[in-house]
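To start, the structure under review is shown below, and the notes come after it.
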Amino acid sequence: MSDELGHVFAALSDPTRRRMLETLLREGTTSAPTLTASLPITRQAIAKHLSTLDDAGLIERAPVRGREVRYRLRDGALSSASTWLREAEVAWEDRLARLKNSVERGG
C-alpha cells in the first residue's frame, strides 16, 4: 500500500522544497535555471529537489514551446494534505474543548 500523504509531507518537510513551491505559487511556473539563480544550492541539488516534488505528486512539467523545461504545481496537489490537516485540527480542537470542560467542572 502506498503512503501518498506521507510522501507529500516528506517532500514538504524540507525548507528548500517549500521555497520552491512558494515560487510556483507566486509565479505559476518556474525552471531549474531560475531556481538555481534564486537559491543558494547547485543545479544538481535543484534537480534532485524537483524530482522529489514530482515523485510526491506536487509538481509537473508545464507545457511550453521550445527546449526550456518549466514546472508548475499539479492541480489539487495539496488537497490531501490540507484535508488531513483540517481533520486533525478539528479533532484536536474537540479534544481541547472536552479537556477545558472537564477542568472547569472540576473533574
Looking at every heavy atom in both Arg72 and Gly28, which two are closest together, and how far apart are they? CB-O, 3.5 Å
Can you measure from CD (Glu93) to CD (Glu89) and round to the nearest 0.5 angstrom? 4.5 Å
Salt bridge present between Asp14 and Arg18 (N-O < 4.0 angstrom): no
Take atom CG in Asn101; do more than 12 heavy atoms of anything else shown fall under 6.0 Å from it? yes
Side-chain touch Met20/Leu50, heavy atoms, less than 4.5 angstrom: yes
Do Asp3 and Leu5 have side chains that get closer than 4.5 Å, going by heavy atoms? yes
Spacing of OG1 belonging to Thr16 relative to CG belonging to Leu39, to within rounding of 0.5 Å: 6.5 Å
Check: Ser82 and Glu87 side chains under 4.5 Å, non-hydrogen atoms: no
With heavy-atom distances below 4.5 Å as the criterion, would you say the side chains of Leu24 and Ile59 are in contact? yes
Could you check whether any side-chain heavy atom of Val64 comes within less than 4.5 Å of a side-chain heavy atom of Thr29, counting everything from C-beta outward? no
Are any side-chain N or O atoms of Ser51 and backbone N or O atoms of Ala47, one a donor and one an acceptor, separated by less than 3.5 Å? no
May I ask you to test the Leu58-Leu12 pair for a side-chain heavy-atom distance under 4.5 Å? yes
Among the clusters formed by ILVMFWY side chains lying less than 4.5 Å apart, do Phe9 and Trp92 turn up in the same one? no
In short, Leu73 meets Glu60 closest at the heavy-atom pair O-OE2, 4.3 Å
Pairing residues for Val69 by the side-chain contact (heavy atoms from CB on, under 4.5 Å) criterion, not counting sequence neighbours: Arg61, Tyr71
Any side-chain donor paired with an acceptor under 3.5 Å for Ser31 and Thr34? yes
Taking only Lys NZ, Arg NE, NH1 and NH2, and the carboxylate oxygens of Asp or Glu, determine whether Arg70 and Glu68 approach each other closer than 4.0 Å. yes
Measuring from atom CD1 of Ile41 to atom CZ of Arg43, what distance do you get when rounded to the nearest 0.5 angstrom? 12.0 Å
Is the backbone of Ala11 close enough, under 3.5 Å, to the side chain of Arg17 for a donor and an acceptor to pair up by distance? yes
State whether the side chain of Ser102 and the backbone N or O of Leu99 hold a donor-acceptor pair below 3.5 Å, judged by distance alone. no
Do Ser80 and Glu4 make a side-chain contact, defined as non-hydrogen atoms from C-beta onward lying under 4.5 Å apart? no
Cluster overlap Val90 with Trp84, hydrophobic side-chain contacts below 4.5 Å: no
Within a strict 4.5 Å, meaning less than it, do heavy atoms of the Arg19 and Leu35 side chains meet? no
